[in-house]
Amino acid sequence: MANRVPDNKSRKPREVGTANFTAVPVDSALPFQTESNYRFNVLYARLVSAMTDTKIIDVDLIENILIEICHIFRLSKAVTRVYRNQQEEREGKGETLCCFDNGKEGNEIMSLRVVTSVMTTATIKAYMCPDETPLNEDEYKKVDLVMRTVLSFISRNRMKDVVYELAYFDDAGYPNLRNWNNYIEELVGEEKAAGKLAFRYNLRHFSLINQEFGRPIGDIVMKAHFEKLQSIIGESGFMVRLGGDNFVGICDSNKTKFVIDYLTEAEVNTPKGIGVNIYTSAGFFRIPKDRHVAVEEIMGCIIAAYRVAQNGGMDNIVFYDESFVENRDKTMKIQQQFSEAIEKNEFRPFYQPKVNVKTGRLVGAEALCRWFKSNRVVPPAEFIPILEKTSDICRLDLHMLECVCRDMKRWADEGKEPIRISINFSRKHIINTYLPETIAEIVDRYSVPHELIDVEFTESTSEVEFEDLKRMATRLRSMGFYLSIDDFGIGYSSLNLIKDIPWTTLKVDKSFLPDDPSDENSVISIMFKHVVSMTGQLGLECISEGVETKQHVSILKNNGCEIAQGYFFDKPLSVEEFESRIAKGKYSLPW
Ligand code: C2E
Ligand code: MG
Ligand code: MG
């Protein structure tokens with residue numbers, strides 16, 4: 001039996017606390033030991049047992065045993081501290097773990113220190129009142145043994161903490177994706193996810209906050225934003241950072257309104273008390289109650305909703321909808337088919353005439369893309385927005401330009417009257433500084449005069465885009481191309497857009513065209529009248545889009561807008577039909 005009793009001499013500190021150590025049951029202690037020896041052995045065995053329990057670490061139990069041990073050895077105080085690094089130790093910061101203090105003043109009688117393999121430090125110190133009987137040699141060894149055991153236990157647990165932190169938290173201390181997966185797996189596994197609200201969001205334009213206040217303050221603002229939302233969703237929810245300014249979270253559905261309000265707009269203070277507004281793009285998914293939802297499905301749905309929120313123009317908060325999957329499949333299909341379709345020449349221009357409403361003369365046309373796919377003609381609404389998600393749209397626009405130039409060269413060769421054609425260019429091109437040269441190269445290859453090509457751009461949204469657009473437009477004008485501002489009035493138009501960019505033409509969107517010529521005082525009528533008049537005074541050509549009726553034509557005439565484009569005269573036409581219009585050169589007017 002003797003070999004089952006822990007032997008102080010043979011035990012090296014690093015062996016203590018390993019899983020191999022066998023704890024001694026109380027009743028198996030040797031009967032011939034002194035009482036204090038016996039008590040110590042029992043307590044020590046319990047201590048080791050508590051510290052090596054693989055299921056649960058009962059901190060209270062460990063502390064109570066240590067307090068009893070302190071009593072046996074007449075200690076007035078025993079303190080264990082841990083430090084994350086040596087600097088913390090030098091500055092005396094650190095964290096106190098176990099502390100026994102009977103309130104009596106004492107002197108330090110023993111001190112031990114370890115540096116763990118992850119460079120954290122732990123110390124333990126024991127104190128005794130001067131009026132107590134000092135420790136004898138045997139007692140000293142026992143106290144030393146307990147202290148080493150405690151240190152060994154702490155450093156092992158610190159390691160576990162550090163490994164846990166590294167695995168489940170990122171460098172800035174946010175819980176990470178692995179943490180999220182664990183949480184969601186548990187939730188789904190315990191069937192507690194039903195009805196909850198999952199979300200993924202991104203802080204919009206957060207780089208501007210970093211730029212304005214500096215990165216360290218940006219980090220603090222981001223953390224404050226995160227922690228506030230964490231407090232809103234409370235204990236029953238969970239949030240992690242995916243990286244950068246991207247986050248995911250889950251909470252009870254009764255928090256939906258608060259979370260949406262917060263993610264729509266929240267004010268966060270910088271450390272100097274300056275309030276900054278934070279906006280997000282967020283995708284939400286309400287986890288269904290009537291069926292089982294897999295962990296991956298939750299992430300898939302919030303990402304799908306988030307993508308729509310991010311690309312969806314004005315709407316920055318989007319709830320997942322079954323149609324997203326359908327849309328995603330459609331998007332992928334079109335993106336996959338695009339290259340082959342362009343090589344097979346399936347994208348071709350239709351031409352919609354532009355007509356002078358005073359004379360009826362055909363003055364130009366807009367080239368509008370049609371996709372001849374199998375036996376169907378696909379309208380642009382079905383593929384342009386998808387191609388605009390990538391740079392595919394740029395390839396399509398240049399392909400259209402090339403098709404138009406080919407037609408124009410043929411018309412010239414056939415001796416037809418020269419006619420100006422406009423081609424739509426996506427805003428995606430704006431970052432491409434070589435676009436004017438690329439356009440000129442294509443146009444010159446077909447010997448088309450530059451003034452017969454009109455480049456249509458829609459209004460720009462951001463300031464950065466505005467500067468790029470201005471540079472691009474100035475260059476195109478200097479090369480002699482015409483330049484139209486398309487769909488004027490429906491984007492974020494500003495007067496600077498007209499003032500600072502050398503447009504030749506302004507195309508008023510069809511939504512700005514009044515329906516009733518007699519209603520001169522409606523907002524639309526007033527706006528239309530002033531836009532047309534301003535365009536004229538600035539020396540720009542004005543075209544009204546969506547001219548469908550006789551009334552529309554008379555509104556244009558009454559307000560001095562000379563050029564119309566719309567179904568009243570013609571829909572976009574195939575090249576053959578358009579050639580017949582060129583041959584005619586004129587439309588008959590209704591009066
Ligand atoms: P957009 O450039 O504003 O072209 C005018 C659109 O209005 C055309 O639609 C045209 O068919 C339609 N429209 C013309 N007259 C009327 C009318 O009287 N009433 C109504 N309700 N609509 C009329 P479409 O051809 O479906 O093209 C839609 C949009 O797709 C275009 O708007 C343009 O933004 C884009 N798009 C078309 N082709 C291309 C292209 O090759 N490249 C790029 N980047 N975008 C293109
Ligand atoms: Mg257009
Ligand atoms: Mg338009």
Side-chain angles (χ1 to χ4, degrees), residues 313 334 338 341-342 345-355 357 364-372 376-407 420-430 432 435 439 442 453-460 469 482-491 493 503-515 531 541-553 555-556 561 563-575 577-578 581 587:
I334 288 183
F338 174 70
I342 214 163
N345 219 14
E346 289 179 3
F347 294 102
R348 282 174 239 159
F350 264 39
Y351 294 92
Q352 185 172 36
K354 295 175 186 169
V355 179
V357 290
E366 174 174 9
L368 292 157
C369 185
R370 298 292 181 264
W371 184 357
F372 291 80
R376 196 164 88 91
V377 182
V378 187
E382 285 185 34
F383 60 89
I384 297 274
I386 291 171
L387 300 181
E388 270 190 321
K389 288 182 181 171
T390 64
S391 58
D392 284 347
I393 188 70
C394 300
R395 218 176 133 196
L396 178 79
D397 291 345
L398 294 172
H399 170 80
M400 285 288 289
L401 174 68
E402 181 125 17
C403 294
V404 168
C405 289
R406 201 178 296 135
D407 285 340
R420 184 175 306 129
I421 306 290
S422 64
I423 296 114
N424 291 284
F425 276 81
S426 160
R427 284 211 304 260
K428 278 258 162 165
H429 289 281
I430 288 174
N432 171 10
L435 182 71
I439 291 179
I442 295 172
I453 295 293
D454 185 337
V455 175
E456 289 194 16
F457 276 120
T458 48
E459 298 153 313
S460 70
L469 178 62
Y482 271 55
L483 204 58
S484 293
I485 173 168
D486 198 4
D487 302 340
F488 183 79
I490 56 166
S493 318
W503 306 105
T504 50
T505 313
L506 187 145
K507 297 185 78 179
V508 186
D509 186 73
K510 48 186 169 285
S511 57
F512 274 74
L513 183 58
D515 281 324
V531 167
E541 186 182 62
C542 184
I543 300 183
S544 276
E545 299 182 288
V547 175
E548 292 181 346
T549 62
K550 197 171 151 184
Q551 283 83 354
H552 284 155
V553 180
I555 289 170
L556 260 63
C561 175
I563 302 170
Q565 182 183 337
Y567 296 167
F568 179 77
F569 293 105
D570 262 320
K571 290 194 169 182
L573 306 169
S574 68
V575 66
E577 287 175 299
F578 181 58
R581 303 299 192 274
Y587 286 79

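Read the numbers this way: they start at 1 and go in the same order the structure lists the ligands and their atoms.
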Which residue and heavy atom of the protein sit nearest [atom], plus the separation:
atom	result
atom 34 (O) of ligand 1	N424 OD1, 4.5 Å
atom 16 (C) of ligand 1	Y567 CE2, 3.3 Å
atom 31 (C) of ligand 1	L368 CD2, 4.0 Å
atom 38 (N) of ligand 1	C369 N, 3.1 Å

Ligand 1 atoms in contact with [X] (distance to a heavy atom under 4.0 Å):
X	value
D397	40 (C), 41 (O), 42 (N), 43 (C), 44 (N)
E545	3 (O)
P572	11 (O)
D487	3 (O)
D486	1 (P), 2 (O), 3 (O)
K510	7 (O), 20 (C), 21 (N), 22 (N)

For [Y], is there any backbone N or O sitting under 3.5 Å from a side-chain donor or acceptor partner on [X]?
X	Y	value
D454	R420	no
H429	L435	no
T504	L483	yes

(message) Among M400, E548, Q352, which one puts a heavy atom closest to atom 21 (N) of ligand 1?
(response)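 The nearest heavy atom belongs to E548.
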(request) Would you mind finding which of C403, A367, P380 brings a heavy atom closest to atom 27 (O) of ligand 1? (result)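 The residue whose heavy atom sits nearest atom 27 (O) of ligand 1 is P380.
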Have [X] and [Y] got a donor and an acceptor in their side chains that come within less than 3.5 Å?
X	Y	value
E456	S484	no
S422	K507	no
D570	Y587	yes

(message) Would E382 and R376 count as a salt bridge (Lys or Arg N to Asp or Glu O under 4.0 Å) here? Give the steps.
(response) CA-CA 12 Å; E382 285 185 34; R376 196 164 88 91; 3.0 Å; yes
How long is the straight-line distance from [atom2] of [Y] back to [atom1] of [X], given to the nearest 0.5 Å?
X	Y	atom1	atom2	answer
E548	F568	CD	CZ	11.5 Å
L396	I384	CG	CD1	5.5 Å
T458	D487	OG1	CG	6.5 Å
N345	H399	CG	NE2	5.0 Å

(message) Under 4.0 Å, counting heavy atoms only: does P379 come that close to any atom of ligand 1?
(response) no
(message) Less than 4.0 Å is my threshold; does some heavy atom of E366 fall inside it relative to ligand 1?
(response)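 Judged by the 4.0 Å heavy-atom criterion, E366 does count as contacting ligand 1.
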(request) Output the atom name for the N/O/S atom of E366 with the smallest distance to the Mg ion (ligand 2). (result) OE2
Do any non-hydrogen protein atoms sit less than 4.0 Å from [atom]?
atom	value
atom 42 (N) of ligand 1	yes
atom 29 (C) of ligand 1	no
atom 4 (O) of ligand 1	yes

(message) Strictly under 2.8 Å, is the Mg ion (ligand 2) approached by any N, O or S atom of E456?
(response) yes
(message) Quick check on the Mg ion (ligand 2): does T458 put an N/O/S atom closer than 2.8 Å to it?
(response)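 No.
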(request) For the residue pair V508 and C542, establish whether any side-chain heavy-atom pair is separated by less than 4.5 Å. (result)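 Yes, at least one pair of side-chain atoms sits under 4.5 Å.
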(message) So V531 and F512, do their side chains get closer than 4.5 Å, heavy atoms only?
(response)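 Of all side-chain heavy-atom pairs linking V531 with F512, none is under 4.5 Å.
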What do we get for [X] next to ligand 1 when only non-hydrogen atoms under 4.0 Å count, side chain, backbone, both or neither?
X	result
R370	side chain
I384	side chain
D509	neither

(request) Determine the interplanar angle of the W371 and F383 rings, folded into 0 to 90°, and report it as parallel if under 30°, tilted if 30 to 60°, perpendicular if over 60°. (result) perpendicular
(request) Could you tell me which N, O or S atom of D486 is nearest to the Mg ion (ligand 3)? (result)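 For D486, the N/O/S atom sitting closest to the Mg ion (ligand 3) is OD1.
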(message) So that I can check it, does any N, O or S atom in E545 come closer than 2.8 Å to the Mg ion (ligand 3)?
(response) yes
(message) Taking N, O or S atoms only and a limit of 2.8 Å, check whether D487 reaches the Mg ion (ligand 3).
(response)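 Yes, within the cut-off.
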(request) Taking the six-membered ring for Trp and the single ring otherwise, decide whether the centroids of F338 and F347 are under 6.0 Å apart. (result)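 Ring-ring flag for F338/F347: true, centres closer than 6.0 Å.
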